Amino acid sequence: MNYFEAIIAQCQRRIDRIRSNPDPTKLRINELMYLSEMESAQEWLEIWKRGDRLCGTMDQAQIFAAMGFRNPPYLGAGNRSNVMKKNYFDILRQHGLPDQTCDMTILPLAMCVEGDLPWPHVVSVWNHACDRETDMLFTAISTYCGCPQFKLDLPLATDYEAVRYCADQLGELIEWVEWKFPGVKMDWEHLEKDIGLENERTKLKREQFELRKCVPAPISGQDVFRLGGGRGDDKDPLKWLRLQTEEIANRAAKHIGSVEGEEKLRIAWLATGPFGSNVFDMLHRKGVSIPWFQHGFTCDEFGYHDWADFGYYGDTNEYKRKLTPLEEIARHNLHNGWGGRGLERWVASVRDVCRDLKIDAVVQFLHTGCVTTGGLAEITKQVLEKELGVSVLNIQGRQNDWNQEQERQFLKDVGEFVDLCIANKK
Amino acid sequence: MAVKTAEENGLKELTNFDDRGIKWAKRAKAQGQKVIGVMDSYLPEEIVMAHGMYPWFVTGRTPLETPVADVLHGGTKYCGHVNHVLEAIHLGEMDFLDGLVHTDWDDDRRRFGDVLDYWGKPGLSVEVHLPFAQSVTSARWYQHELTRLSDVLGGFSGKVYQSAKVNQDRMQNAINTVNKTRQLLKKLYELRKNEIPPLSGGEYLNIALNSRVMPKEEFNAKLEELLPTLENHQSSTARRPRVMVSTDFLHLSEYLDAVESCGCVVAMTDLDLDRIFIWKDVDPTGRDRMAALVDAYLTPSTDSRFGEWDKQIERLIARAKEFNIDGIIEMRQSWSRPREIRSPYFVKRLNEAGIPAINVTREYSVTNIGQLKTRVGAFLEMLGARN
C-alpha cells in the first residue's frame, strides 16, 4: 500500500467515526474535508499511474502548475508518514542518512526510496522557512533519482530590490524549465488566476483570524492544527473554505466553544507538533483552547502581518506599485515567518498574535532538528514572558518518532504546565 | 653566511595557534585600530582592511561545555562553532571586538545573528546574505550585499576619506596584500605534493588560521622568509597512505594530529578555510573591484551548502588526483546538515571514482578522540591492504 492508498483508508475511517459519533466541539465541515482528501489522494494515484509530469518544490508550485506540472505533497506526506506504519527512520539509517534532522523534511526522501511516493521529474527550491532542511531534501531527492534541479536564492531583505531579484530568478526558472522540457510552455493566464485565488483565500483566512479572537474560541485545537483543508469545485474552488468560515462565524456568534465545559485557558502552539499524540484531547478535557498554531507560513496564510507594512496578493501599498505575478510570488515568499531576521519576523509576529488573540500561555514544541525555531526558542520565551506576562513551556520531542513512554511524559509535562497556568490565572 | 633553518625562520610562531590569535587583535586595538571579527571565509577581509580596520577570523573557545549558548541558541544539537563563539562572547573573551560580520551560511548562523541582536553585542553586528544559488544573478546580489557591508563599515570606521579615488586605492591595496597572502599559501600548499610534505596536517591548518588573524603584511613577510627553508624540510609523519580531510569549521589541529597518529599523512585538506580563500586570486586589474571580490569568493567549490553535489565531488576528485591522495576522510562537524545529507552520496561517488572514502563525525571541541582514531585506523588498514 503506498502513501496515497493509506491516506484513502485513513480518511474513510475518520469519516465513519464522524458519522457514527459526531463530536460537537469539532467543525461539521471536517467530514467534507476528509471526503476532499480522499478524492485528492485518488487523483494522485491516477496521476502517478499515468506518469504525469511531477515537480518537487515547496514554493514554486504555482509556477510549475502553470506549466502543466503537478506538485505531490512531499512535506505533507512527511508530516503524515505515521499513516504508513513503517519505520522510515530505519530506512534513513540503512542509507547512511541522518535521522536527527527535521522529520517532515527528511522522511519524504525515505518514502520515495521505498516507492511509497513518486519521484519527481524536476526539482526547484530556494532557501526558505525550513531553510536548510527543505533545500537539502529536494537536493537529495534530485540526486537520488537523477532529475534536474534548479536552485533559487531568497535574500534576507524584503525591499523592492529584493522582490525584483527573486522575480528575476523565477523568470530564469521558467526559461530553464521550458528549455529542459521541450513543448512545455508557461501559461501566464493560469498563473494570474491562481494568484487571484490565493488573494481570495487569504481574505477568507483573515476573517477566520478575526473570529478566533472570540471568547470562547469557536474552533478546536485539532481543527486549528490541521495543515490541510478541503477543496471546492470547478465553479467555486474555495467552496470548502467559505463553508468552513461560515461555520466558524456561526459558532462564534452563538458563543459555542471548542472545549469541554468552560474555557479556562487559551494557548498558542508553536511551531509544529507530535503528530499522533493525544495532547489535544487532554487539553480539551481540561478546558484549554488553542486558538492559534503558528508555523512559518501561518501569518502569511492568514493575512496577518502587523509587524511590517506587508500586503498580501494584490496589495499596491507596500511597494507603492502593482506587482507583476512573479513579483507577487516573490513578495509572498520573502515574508515567510521563519525567514529573514528572527527578532523582527518570528519573535515579533508571535508576540503580536498572542496579544491580539488574548493568549494566556504558549507551548513551544521544539522538535528535533529544527534550528529555525529551536535557535530562537529561548529568546521567544523571554520576550513573551517579559512583554506580555505570558507563561511559556519549551518542550522537546519528535514529530513522528513517538512511543508510549514519550507520550506519557509529554502529556504529563504539558498537563502540569496548563494546570499551573489555570491556577495562576484565578 | 649560515642558512637559517625553518625553525629559525619562525616556523614555530606560524604553526602555533594556541591563543586563537587574540594577541594580534589586542595589539591592533592598542595601536588604535578597530577590530572586526569575521565569522566565515566567504566574507572578503579586503573590505574590512580598505576601511582601515583590522579583520580577525573568529574561532570559538575550546572547552567542551557551552551552557549559556546551549540555552540561548537552542541546545547541544546545533553548530558547535556557533555555540563556542557565543559562549566566548558571553564570557567577555571577545570584548576586544568592535564589531562582527557574518553570513547566513546556514540557519545556525542566521540564528547566531539573532542572538547577537538580542544581546546587543559586540557593538556592530552585520549579517550578509550569502546566496544559495551560484548564478550570474545571484553573484550580482552578493555584490549588492558586499557593497552594503562596505557602506556600513565605512560609516562605522569613523574615518573620512577624501575622495572616491582614495577609497578605490585603499581597496586596491587591500586586494594586493591579501592576494599576496593567497599566493604564498598556494606555494605552501604545493609543497604538500612532495613525497613527504614539509609540515604535518595540523601545522598546515594552524598556518592557514594564522593567515586570518595576524596582520597581513607581517604574516606575508614571515611566510615568505619561511618558504625557501621548507622546500627541503620534512615532517615526521608517515609517507603513506596520503589522505585528504574534508570538513568545515575545523579550528583545532589536534584533530588532524589524531588522524596522522594512526599512521598516515594528511597530505591535503578541503576546508572552508582553504577552499574558498586560497585558490583564486582577486583580479587586481578590473575597474570594478567589488565584482572582482565576488568572482573570487563565490567561485564554485566543494561546499555542500550549494547543492550541485555531483559537480562539487568532481572538483574534489580532481584535487585528490592532483595531490596523489589515497583516501578521503570526511570529518564533518556534528549537526552540519548539508554535509550529513550529502554524505552517503559523497562516499558513494568517491568510491565509484576509485577513491576510498569514509565519513566520521566530530564535535567542535576536541573530544571522543579514541573513537575517531578507531574509525580512522580501520580505514587506513583498508587503504594499506589495498595498496
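Note on naming: letters A, B, ... go to the chains in the order of the sequence lines (proteins, then strands), and numbering restarts at 1 for each one. Only a predicted model underlies this, so the values are computations on that prediction, with no experimental measurement involved.
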S.K.: Does any heavy atom of chain B fall under 4.5 Å from the side chain of A:Tyr144, the backbone, both, or neither of them?
M.R.: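 Looking at A:Tyr144, just its side chain touches chain B.
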S.K.: Got a sec, which residues hit salt bridge (Lys or Arg N to Asp or Glu O under 4.0 Å) with B:Glu363, two or more places apart in sequence or on another chain?
M.R.: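 Testing B:Glu363 for salt bridge (Lys or Arg N to Asp or Glu O under 4.0 Å), a comparison that skips the adjacent residues, returns none.
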S.K.: Measure the spacing between CE of A:Met136 and CZ of B:Arg305 and express it to the nearest 0.5 Å.
M.R.: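 These two atoms lie 9.0 Å from each other.
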S.K.: Flag the one option from B:Arg111, B:Glu127, B:Glu308 with the top tally of heavy-atom pairs under 4.5 Å to chain A.
M.R.: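 Winner by heavy-atom pair count: B:Arg111.
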S.K.: At what distance, to the nearest 0.5 angstrom, does OG1 of A:Thr139 lie from CH2 of B:Trp309?
M.R.: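 If I round to the nearest 0.5 Å, the distance is 5.5 Å.
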S.K.: Between the side chains of A:Thr101 and B:Glu340, is a donor N or O closer than 3.5 angstrom to an acceptor N or O?
M.R.: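 There is no such pair between these side chains.
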S.K.: By the definition side chain to side chain contact (heavy atoms under 4.5 Å, CB included), identify the one residue from A:Asn127, A:Thr372, A:Thr373 that meets it with B:Asp107.
M.R.: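 Exactly one candidate clears the test, A:Thr372.
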S.K.: Tell me, side chain or backbone of A:Leu152 under 4.5 Å from chain B's heavy atoms, or both, or neither?
M.R.: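 A:Leu152 touches chain B through backbone heavy atoms alone.
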S.K.: By a 4.5 Å heavy-atom criterion (distance strictly below it), what part of B:Asp310 contacts chain A: side chain, backbone, both, or neither?
M.R.: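 Contact with chain A is absent: no heavy atom of B:Asp310 under 4.5 Å.
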S.K.: Is it the case that more than 12 heavy atoms not belonging to A:Gln406 sit under 6.0 Å from its CD atom?
M.R.: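 Yes, CD of A:Gln406 has more than 12 neighbouring heavy atoms, counting only those of other groups under 6.0 Å.
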S.K.: Backbone N or O of B:Asp114 within a donor-acceptor pair of the A:Arg341 side chain at under 3.5 Å?
M.R.: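 No; zero donor-acceptor contacts below 3.5 Å.
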S.K.: What residue, out of A:Gly96, A:Pro155, A:Ala140, has the most heavy-atom pairs lying under 4.5 Å from chain B?
M.R.: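 Answer, by heavy-atom pair count under 4.5 Å with chain B: A:Pro155.
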S.K.: Heavy-atom distance under 4.5 Å between the side chains of B:Val115 and A:Glu378, does that happen here?
M.R.: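 The answer is no; the side chains never approach within 4.5 Å.
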S.K.: Looking only at heavy atoms and a cut-off of under 4.5 Å, which of A:Ala377, A:Gly375, A:Ser142 has the most pairs with chain B?
M.R.: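 Most heavy-atom pairs under 4.5 Å with chain B: A:Gly375.
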S.K.: Report the C-alpha separation of B:His144 and A:Tyr165 in whole Å, then their side-chain angles, then the decisive distance to 0.1 Å, and conclude whether the side-chain contact (heavy atoms from CB on, under 4.5 Å) test is met.
M.R.: CA-CA 11 Å; B:His144 164 87; A:Tyr165 169 52; over 6 Å; no
S.K.: Which answer fits A:Leu366, side chain, backbone, both or neither, if we ask what part of it has an atom under 4.5 Å from a heavy atom of chain B?
M.R.: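 For A:Leu366, neither part sits under 4.5 Å from chain B.
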S.K.: Starting from the C-alpha separation in whole Å, work towards a yes-or-no answer on side-chain contact (heavy atoms from CB on, under 4.5 Å) for B:Leu72 and A:Gln382.
M.R.: CA-CA 10 Å; B:Leu72 216 47; A:Gln382 289 183 11; 4.1 Å; yes
S.K.: Just to be sure I understand the criterion: a residue of residues 343-352 of chain B counts if one of its heavy atoms is under 4.5 Å from a heavy atom of chain A. Which ones qualify?
M.R.: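 Listed by number: B:Pro344, B:Tyr345.
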S.K.: How close do B:Trp141 and A:Ala157 get, heavy atom to heavy atom, and via which atoms?
M.R.: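 Closest approach of B:Trp141 to A:Ala157, heavy atoms only: CZ2-CB, 4.4 Å.
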S.K.: What's the separation between atom NZ in A:Lys151 and atom CZ in B:Phe306, rounded to the nearest 0.5 Å?
M.R.: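 Between A:Lys151 NZ and B:Phe306 CZ, I get 9.0 Å after rounding to 0.5 Å.
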S.K.: How long is the straight-line distance from CZ of B:Arg337 back to CG of A:Leu137, given to the nearest 0.5 Å?
M.R.: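 If we round to the nearest 0.5 Å, A:Leu137:CG and B:Arg337:CZ are 14.0 Å apart.
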S.K.: Please report the C-alpha distance between B:Arg110 and A:Val371 in whole Å, then the side-chain angles of each, then the deciding distance to 0.1 Å, and finally whether the side-chain contact (heavy atoms from CB on, under 4.5 Å) criterion is met.
M.R.: CA-CA 10 Å; B:Arg110 198 157 56 94; A:Val371 179; over 6 Å; no
S.K.: Just do the side-chain contact (heavy atoms from CB on, under 4.5 Å) check on A:Gln169 and B:Ser138 with the steps written out, would you?
M.R.: CA-CA 9 Å; A:Gln169 292 177 79; B:Ser138 295; 4.2 Å; yes
S.K.: Side chain, backbone, both or neither: which part of A:Glu172 has a non-hydrogen atom closer than 4.5 Å to chain B?
M.R.: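 Side chain of A:Glu172 only, per the 4.5 Å heavy-atom cut-off to chain B.
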S.K.: Looking at A:Gln396, A:Lys381, A:Gln100, which one has more heavy-atom pairs under 4.5 Å with chain B than the rest?
M.R.: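 Option with the greatest count: A:Gln100.
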S.K.: I need the residue from A:Leu376, A:Asn394, A:Val347, A:Leu97 with the largest number of non-hydrogen atom pairs under 4.5 Å to chain B.
M.R.: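 Looking at each option in turn, the highest pair count goes to A:Leu376.
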